[in-house]
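One structure is given here, and the rest of the page talks about it.
So that the names make sense, note that chain A is the first sequence line, chain B the second, and so on, each numbered from 1.
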Protein chains: 2
Amino acid sequence: MSDNAPLIVAIEGGGTKFVCGIGTDPHNILDTARIDTTTPHDTLENVSHWISKMKVAHGPIAAIGIGTFGPVDLNRDSETYGYITTTPKPHWQQTDVVTFFKNRFKVPVGFDTDVNAAVLAEYLWGAGQGMDPLIYITVGTGVGGGVLVNGQLLHGLLHPEIGHLIVPPPHNSLAIQREGQCPFHRSCVEGYVCGPSIAKRWGVKADALPPDHPAWEEVADVMGYALMNLTLTLAPKRIILGGGVMEQPHLIPLIQGKLMQHMNGYLSVPQLSHDIERFIVKPGLGGRSGLLGSMALGRMAIANKAL
Amino acid sequence: MSDNAPLIVAIEGGGTKFVCGIGTDPHNILDTARIDTTTPHDTLENVSHWISKMKVAHGPIAAIGIGTFGPVDLNRDSETYGYITTTPKPHWQQTDVVTFFKNRFKVPVGFDTDVNAAVLAEYLWGAGQGMDPLIYITVGTGVGGGVLVNGQLLHGLLHPEIGHLIVPPPHNSLAIQREGQCPFHRSCVEGYVCGPSIAKRWGVKADALPPDHPAWEEVADVMGYALMNLTLTLAPKRIILGGGVMEQPHLIPLIQGKLMQHMNGYLSVPQLSHDIERFIVKPGLGGRSGLLGSMALGRMAIANKAL
C-alpha cells in the first residue's frame with residue numbers, strides 16, 4: 001500500500017447487481033457497494049452517484065475499470081466499442097457503458113467482460129499466477145469463460161463464449177427433461193449445467209440436490225467434455241472453475257475424473273493424470289475475482305497497454 | 001530479394017515425406033527437395049546430407065526452421081524440448097530433432113508443429129494477413145490445427161490438438177460404420193472426417209466419393225461443430241481450411257452453411273452471416289504454408305523472439 005498509488009474505481013457489472021469498489025490494489029480496498037441492476041439509466045446513475053461520494057471521501061480517482069456481463073464490444077475501432085450489445089437481458093441491449101463513465105468522470109476507463117476480468121485477477125493475484133494460457137470459467141445462472149493467452153486477455157471476432165460450446169448429450173440421462181435448455185442450441189454446455197438448466201432438467205433447484213444425486217455426474221460429464229475441448233484448443237496451463245454451481249465441494253473432483261476419462265490417455269502430460277488437482281482448480285480469490293480484475297482493467301487503462 | 005538477406009533452411013516434417021527448401025523469403029526459394037520419411041536416423045541423415053549439398057551450392061546458412069508432425073515438446077524449460085514425443089508413428093517416439101540439427105550445423109533452429117508453421121505463413125504472407133486470432137486447420141490423413149493469437153503462436157500445456165475436439169455424433173448417419181474411427185475417442189472430429197476415417201465409415205476412398213454423396217454433408221456437419229467450438233473459444237478473425245480432404249471444391253460452402261446453422265444466430269456478427277465466405281477460407285499459399293512457415297520459424301530463431 002502506497003499513498004501515491006493511483007486510486008481506481010472497480011465495477012463488476014452483473015445481471016442482478018453491480019459490485020463496486022475503490023482502492024489502489026487488492027490489499028487496499030477502501031470501500032465497496034452493491035447496486036441493484038435495474039434499467040441501464042438508473043443503474044449507471046446509481047453507480048455514478050456512489051463514485052461521486054467516494055471521490056469526496058477518498059480524493060480524486062485515476063481510472064475506472066469495468067468487467068461486465070456480455071456480449072460486449074471490445075473492438076476499439078468499432079463505433080459501438082464499450083457497449084453491452086446483444087444481451088438477452090431486458091433494456092440492456094446496445095448500452096454504451098464506457099462513454100457514460102468517460103464523460104462523467106474524465107478519466108481513463110478500462111472495459112472487458114466480467115470473466116475476462118476474473119481471469120486477469122486470478123492471473124495477477126490468485127490461483128493462476130504464472131499460468132499462461134489461463135482459463136477462468138464460471139458456472140452459475142449462466143456459463144461463461146475468460147481467457148488469458150500470450151500475456152493478454154483474449155479478444156478477437158468477439159470474446160470467448162465458452163458457455164455455448166457444443167458437447168455430446170449426456171448418455172442415458174435420467175433427467176425429467178433430457179434435452180438441453182439453451183434456447184439457441186440443442187446440446188451446449190450452458191443448456192445442461194447452469195443453475196437454471198439443472199433446475200429445469202431435474203425439477204429441483206441445484207443447491208437442493210444431494211451430493212449423490214445423478215444430476216451431478218451429468219454436470220461433471222458435460223463439464224468434462226467442455227474442459228477437454230478447451231484443453232485441446234487453448235493448451236491451457238491451468239483451468240479455474242468458479243461460480244455458484246461450482247461451490248458444491250464434491251463437483252470439482254468429479255469433473256477432474258470425467259476429463260481424464262474423456263481424454264482417454266490421448267495427451268501424456270502429468271496435468272491430465274496424477275497432477276490433475278493442480279490443473280483444474282477453484283478460484284484463489286473466491287468471489288472477488290471479478291471485482292479485483294475490474295480494478296486491474298482500470299490500472300491497465302492508465303498505462304493504456306496490456307499486462 | 002536481397003543478396004544480404006540471411007539464407008534459411010526450411011523443413012516441413014510429415015508422416016510420409018520431409019519437404020525441404022532453402023531461400024531467403026517466399027519469393028526467393030533457391031532449391032527444394034522431398035525426402036521419404038523412414039526411420040528417424042535415416043530421415044534426419046538424408047535431410048542433413050541435402051543441407052550440406054545446399055551449403056556448397058548456395059553458401060552458409062543462418063538458421064534452420066522446422067515444422068513437424070507431433071505431438072512435439074515446445075517447452076523451452078523441458079529436458080525434451082525439440083523432441084517429437086508420443087507420436088503413434090513407428091520408431092519416431094522421443095526423437096530429438098532440434099539437437100540433431102543444432103549439433104550438425106551450429107546455427108539457430110526454430111521448431112514448432114507443422115500446423116503452427118502453416119498458420120504463421122498464412123498470417124505473414126497468405127490468407128490470414130492482419131487476422132489475429134487466426135486458426136489454420138488441415139484435414140487430410142489426420143486433422144490438426146495451428147493457432148496464432150495475440151501476435152504469437154499458441155503453445156501452453158502442449159499445443160492445440162484440434163483434431164480430437166469432441167462433437168455430437170452425426171444425426172441419423174447413413175454410413176456403413178456409424179461410429180467415429182479414432183482409437184482414443186468415441187466421437188471426435190478426426191474420427192469422422194480425416195481421409196482414412198471417411199474411407200472406413202463409407203467403404204469408399206474420400207476422393208472417389210461424388211460431390212452429392214451423403215458423406216460430404218456429414219463431414220460438413222462435424223466440421224461445422226468443430227468450427228463453432230473454435231469460434232466460441234478463440235474468437236478467431238478468420239479460419240483457414242487446408243489439407244487433401246478440403247480440396248473438394250463443394251466442401252467449404254457446405255461447412256460454412258453448417259456452421260451458421262449450428263450457431264443458430266447466437267452471435268450477431270457479419271462473419272457468421274453474409275460475410276461467412278471471408279471468415280472460413282482456403283489457404284492463400286496452397287500447399288506451401290507448412291514449408292514457408294518453417295522458413296519463418298528459422299527467421300524467428302535468428303531474432304530469438306516472437307513475430
Side-chain angles (χ1 to χ4, degrees), chain A residues 71 74 85-86 131-135 145 147-169 171 182-189 224-226 228-239 262-272 279 306, chain B residues 71 74 85-86 131-135 145 147-169 171 182-189 224-226 228-239 262-272 279 306:
Chain A
L74 302 174
T85 58
T86 57
M131 298 290 162
D132 176 353
L134 180 67
I135 303 175
V147 176
L148 183 139
V149 53
N150 288 335
Q152 295 175 54
L153 295 175
L154 177 56
H155 307 154
L157 179 61
L158 214 66
H159 43 71
E161 282 282 346
I162 284 169
H164 296 270
L165 285 179
I166 295 295
V167 292
H171 213 54
C182 169
F184 290 94
H185 308 125
R186 207 157 36 108
S187 191
C188 76
V189 175
Y225 279 126
M228 174 170 175
N229 282 346
L230 292 169
T231 300
L232 294 169
T233 302
L234 281 160
K237 293 202 176 147
R238 187 163 284 169
I239 301 176
H262 295 332
M263 291 292 295
N264 195 24
Y266 178 66
L267 298 181
S268 79
V269 289
Q271 286 85 346
L272 291 166
F279 184 53
Chain B
L74 301 174
T85 58
T86 57
M131 298 290 163
D132 177 353
L134 179 68
I135 303 174
V147 176
L148 184 140
V149 53
N150 288 334
Q152 295 175 54
L153 295 174
L154 177 56
H155 308 151
L157 178 60
L158 213 64
H159 43 72
E161 283 282 346
I162 284 169
H164 295 270
L165 285 179
I166 294 295
V167 292
H171 213 51
C182 169
F184 290 93
H185 309 124
R186 205 156 36 108
S187 190
C188 76
V189 175
Y225 280 127
M228 174 170 175
N229 281 347
L230 292 169
T231 300
L232 294 168
T233 302
L234 280 161
K237 292 202 176 147
R238 186 162 286 170
I239 301 176
H262 295 333
M263 291 292 296
N264 196 22
Y266 178 65
L267 298 181
S268 80
V269 288
Q271 286 85 343
L272 290 165
F279 183 52

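- Here the SG-OH distance, from Cys188(B) to Tyr266(A), works out to 8.5 Å after rounding to the nearest 0.5 Å.
- Contact annotation for Arg186(B): only side-chain heavy atoms (C-beta onward) come within less than 4.5 Å of a heavy atom of chain A.
- Listed options Val149(B), Val147(B), Leu272(B), Leu165(B) were ranked by heavy-atom pairs under 4.5 angstrom with chain A; first place goes to Leu165(B).
- Heavy-atom pairs under 4.5 Å with chain A were tallied for Val167(B), Leu234(B), Thr85(B); the largest tally goes to Leu234(B).
- Between Leu267(B) atom CG and His164(A) atom NE2 the span is 8.5 Å, to the nearest 0.5 Å.
- Only the side chain of Tyr225(A) comes within contact range of chain B, judged by heavy atoms closer than 4.5 Å.
- You'll find the side chain of Pro133(B) reaches within 4.5 Å of the side chain of Leu154(A), heavy atoms only.
- Residue Met131(B): no heavy atom, backbone or side chain, is found under 4.5 Å from chain A.
- Under the 3.5 Å distance criterion, the side-chain polar atoms of Asn264(A) are left unmatched by any main-chain donor or acceptor of His185(B).
- Asn229(A) places a side-chain N or O within donor-acceptor distance of the main-chain N or O of Ile166(B), the cut-off being under 3.5 Å.
- At least one donor-acceptor pair under 3.5 Å links the side chain of Asn150(B) to the backbone N or O of Gln152(A).
- At a 4.5 Å heavy-atom cutoff, the contact between Thr231(B) and chain A is made by side-chain atoms alone.
- Most heavy-atom pairs under 4.5 Å with chain B, from the set Gly163(A), Pro236(A), Ala226(A): that is Pro236(A).
- If you take NE2 on His155(A) and CG on Asp132(B), they are separated by 12.0 Å, rounding to the nearest 0.5 Å.
- In this structure the side chain of Leu158(A) reaches within 4.5 angstrom of the side chain of Val269(B), judged on heavy atoms.
- Annotation: the span from Thr233(A) atom OG1 to His159(B) atom NE2 amounts to 13.5 Å, rounded to 0.5 Å.
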